[in-house]
Amino acid sequence: MQLKAPRGTSDTLPPDTAKWAYVEGVMREVSRRFNYEEIRTPTFEHLELFARTVGETTDIVEKEMYSFKDKTGRDLALRPEGTAPVARAFLEHGMASGALPKKFFYMGPMFRYEKPQAGRYREHRQFGVEVLGSPSPYSDVEVIVLAMDLADELGLTGTELYLNSIGCPSCRADYKAKLIAYLQPKKEGLCEDCKSRLERNPLRVLDCKQESCRCAIVGAPSMLDGLCTDCRIHWDEMRRILTSLGIEFQVDNALVRGLDYYTRTVFELKWPPLGAQNTLVGGGRYDGLIAELGGPAIPGVGFGMGIERILLATEKGSKPILAGGAVDVFVVGLKGADDRVSQDTFGLVRKIRKSGLVCEFDPLQRSMKAQMKQADRMNAKFVAIIGDDEIAQGVVAVRSMAESWQKTVAASDVVRVLREGVLNCGK
RNA sequence: GUGGAUGUAGCUCAGCUGGCAGAGCACCAGGUUGUGGCCCUGGGGGUCGCGGGUUCAAGUCCCGUCAUUCACCCCA
């Protein structure tokens with residue numbers, strides 16, 4: 001059997017690579033406008049980084065990590081997400097004692113061992129931003145707005161913003177106790193997963209989709225009611241700012257992100273036409289993360305965005321991405337009596353390229369008809385023809401493919417004529 | 001990890017109750033020995049996902065397996 005790309009991975013080929021480049025370009029441009037700087041971190045890290053921050057009991061760490069030992073026995077893992085590595089790098093390079101806040105964006109592959117499905121892959125690429133050192137709700141709003149502007153720019157209208165607050169460690173502990181007290185008597189009605197979640201991670205019971213569990217949580221105390229004063233103020237402020245900006249959102253108190261480092265704000269940006277995997281963006285605040293890694297108490301907020309899903313969405317969006325650039329000039333070289341023709345052909349191609357135009361030729365020197373066909377297929381704006389006759393007369397034939405006219409130009413003048421022609425094409 | 005659907009040419013797919021592997025598009029060449037698109041003619045291209053079984057005979061039936069896909073779960 002032929003070798004194939006491993007399960008859950010895929011090749012990106014032209015013309016799709018051009019679409020990727022476009023989307024990545026928009027991401028860079030929007031980041032630039034928001035003054036976020038790029039950071040690049042390794043593709044693999046110490047396993048412990050994720051175990052400690054993402055959480056030992058989370059699905060990601062428990063069953064979805066590509067972890068391995070290297071030749072000297074170090075426990076490593078392909079990164080399943082981008083925030084912990086950025087936090088680690090931030091600390092490692094002493095940025096905690098520099099000017100704050102620090103604002104980063106990153107793009108790169110993430111790895112999770114999951115069952116593949118449309119919009120869910122074992123290797124996927126993520127764009128994300130992180131703001132480190134700002135406790136302000138304005139920063140929560142800034143990252144949300146960045147994500148929404150990005151979606152907008154890519155023609156994804158109708159995204160839905162879901163918000164929740166999961167409090168800080170202190171009020172969450174109080175809340176967990178209340179929730180356990182509430183659910184304990186109903187434990188027998190819960191699904192098997194939730195019975196164990198009840199001990200280990202009771203918040204996750206709230207977003208269980210099982211009918212029986214949904215019944216059990218009706219009337220359960222809400223995290224939002226249990227927020228401490230500071231968390232309450234942050235939550236209220238953030239919603240006030242969003243409202244003042246005219247940004248619509250839905251409060252979803254079952255929204256619990258699957259990573260342990262989140263505090264206070266958690267949010268998702270969904271795009272319903274996408275189907276089952278319709279979360280474009282997931283993010284939130286992580287005020288304890290830097291401290292968990294042994295640093296000072298520096299707060300953070302950010303999000304991750306799956307680029308494959310963005311690409312999938314743009315196919316169905318209001319602004320599909322046009323891929324594939326056109327060739328400006330195709331130089332048709334005709335086989336003549338000697339090798340003079342092909343020499344002149346390649347020389348002209350080189351001159352045209354140096355002038356900045358996109359230029360192509362046929363290395364196989366096929367028939368004129370075949371070369372014209374190629375030029376047409378490549379959407380060439382102009383064709384420049386060189387054969388024995390042209391060389392004898394010191395000219396080149398220039399043909400406009402779109403307008404079907406053709407004229408003879410002095411060889412010394414060809415590049416100038418082509419440049420002008422291509423310029424006028426755009427008008 | 002659970003359940004359903006689907007795997008035949010580069011792409012989209014046809015192949016009925018087992019009987020010589022097909023079409024459209026794409027690609028190449030010719031029709032026009034120096035002119036693209038349209039048209040006509042011809043051509044190249046396949047271990048029918050893989051492995052096993054039943055049978056005189058399997059793309060077709062049975063079992064397994066891998067992959068894709070949809071939903072669950074989870075998430076980006």
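Treat the numbers as computed from the prediction; the structure is a model and nothing was measured. First the proteins, then the strands, lettered A, B, ... as listed; each starts at 1.
- A salt bridge does not link Arg28(A) with Glu24(A): every distance from a Lys NZ or Arg NE/NH1/NH2 to an Asp or Glu carboxylate oxygen is 4.0 Å or more.
- No hydrogens or angles were tested; on distance alone, nothing pairs the side chain of Arg7(A) with the base of rC66(B) as donor and acceptor under 3.5 Å.
- Between Asn164(A) atom CG and rC75(B) atom P there is a gap of 14 Å when expressed in whole angstrom units.
- Rounded to whole angstrom, the span from the CG atom of Asn278(A) across to the P atom of rC75(B) amounts to 14 Å.
- Residue Gln406(A) is classed as a base contact, given a heavy-atom separation below 4.0 Å to a base.
- One can place CH2 of Trp405(A) at 15 Å from C1' of rG36(B), the figure rounded to the nearest angstrom.
- Residue Ser404(A) places a side-chain atom within donor-acceptor reach of the base of rG37(B), judged by atom type and a 3.5 Å distance cut-off alone.
- Each of rU69(B), rC74(B), rU35(B) was ranked by its minimum atom distance to the side chain of Gln277(A); first place goes to rC74(B).
- Between the CG atom of Leu269(A) and the P atom of rC75(B) there is a distance of 17 Å, given to the nearest Å.
- The residue among Pro116(A) and Lys270(A) whose nearest nucleotide of RNA chain B lies closer to the 5′ end is Pro116(A).
- Taking 4.0 angstrom as the limit, Arg399(A) places none of its side-chain polar atoms (N or O) nearer than this to OP1 or OP2 of rG34(B).
- In the set rG3(B), rG36(B), rA76(B), the nucleotide with an atom closest to the side chain of Lys115(A) is rG3(B).
- Nucleic acid contact for Val281(A): sugar-phosphate only, since backbone atoms but no base atoms lie under 4.0 Å from a heavy atom of the residue.
- Summarising the base pairing, rU41(B) is matched to rA29(B) through a Watson-Crick or G-U wobble pair whose two defining distances lie under 3.5 Å.
- The base of rG31(B) sits within donor-acceptor range of the side chain of Lys369(A), with an N or O pair under 3.5 Å.
- The base of rG34(B) lies close enough to the side chain of Glu390(A) for a donor and an acceptor atom to sit less than 3.5 Å apart.
- Nearest to the side chain of Glu64(A), among rC74(B), rA71(B), rG34(B), sits rC74(B).
- Evaluation of atom-type donor-acceptor distances gives no pair under 3.5 Å for the side chain of Gln371(A) against the base of rU35(B).
- Rounded to an integer number of Å, the gap from Leu150(A) CG to rA76(B) P is 16 Å.
- Atom P of nucleotide rU35(B) and atom CD1 of Ile386(A) are separated by 17 Å, given to the nearest angstrom.
- Residue Glu62(A) is out of contact with every strand shown, counting any heavy-atom pair closer than 4.0 Å.
- Looking at heavy-atom distances under 4.0 Å, Arg366(A) makes contact with sugar-phosphate atoms alone, never a base.
- Residue-environment remark: CZ (Arg40(A)) stays at or below the threshold of 12 foreign heavy atoms within 6.0 Å.
- Base engagement by Tyr121(A) is indicated by at least one non-hydrogen atom pair under 4.0 Å involving a base atom.
- Using a cutoff of 4.0 Å between basic side-chain nitrogens and carboxylate oxygens, Lys319(A) and Glu153(A) are not scored as salt-bridged.
- For Arg353(A), the CZ atom sits in a packed shell: over 12 heavy atoms of surrounding residues, nucleotides or ligands are nearer than 6.0 Å.
- Contact annotation for Ala118(A): backbone-only contact, meaning every heavy-atom pair under 4.0 Å involves sugar-phosphate atoms and none involves a base.
- For Phe303(A) and rA76(B), the CZ to P distance is 12 Å, given to the nearest whole Å.
- Pairing partner, rA23(B): rU12(B), with both Watson-Crick or wobble hydrogen-bond distances short of 3.5 Å.
- Ranking rA76(B), rG37(B), rC75(B) by closeness to the Lys373(A) side chain, first place goes to rG37(B).
- Applying the 4.0 Å criterion to OP1 and OP2 of rC28(B), one finds that Arg377(A) has a side-chain N or O inside that range.
- Residue-environment remark: CD (Glu248(A)) stays at or below the threshold of 12 foreign heavy atoms within 6.0 Å.
- The number of heavy atoms from other shown groups lying within 6.0 Å of OH (Tyr66(A)) is above 12.
- Sparse packing is recorded around NZ of Lys102(A), with 12 or fewer heavy atoms of other residues, nucleotides or ligands lying under 6.0 Å away.
- Across all strands shown, rG53(B) is found opposite rC61(B) as a Watson-Crick or G-U wobble partner, with both distances under 3.5 Å.
- When heavy atoms are screened at a 4.0 angstrom cut-off, Gly119(A) is found touching base atoms of the nucleic acid.
- When heavy atoms are screened at a 4.0 angstrom cut-off, Gly8(A) is found touching the sugar-phosphate backbone but no base atom.
- In this structure, Gln117(A) reaches the rA71(B) phosphate: one of its side-chain N or O atoms is under 4.0 Å from OP1 or OP2.
- Backbone-only contact: Leu259(A) has heavy atoms under 4.0 Å from sugar-phosphate atoms and none from a base.
- Rounded to whole Å, atom P of rG1(B) lies 18 Å from atom CD1 of Ile60(A).
- Taking the six-membered ring where tryptophan is involved, the planes of Phe361(A) and Phe346(A) are perpendicular, since the angle between them exceeds 60° and thus also 30°.
- Pairing of rG18(B), defined by two Watson-Crick or G-U wobble distances under 3.5 Å, is not identified with any nucleotide.
- Side-chain atoms of Arg120(A) come within donor-acceptor range of the base of rC73(B), with a qualifying N/O pair under 3.5 Å.
- If you check rG1(B) for Watson-Crick or wobble pairing at under 3.5 angstrom, you find it paired to rC72(B).
- Set against rC75(B), rU69(B), rG34(B), the side chain of Asp389(A) has rG34(B) as its closest nucleotide.
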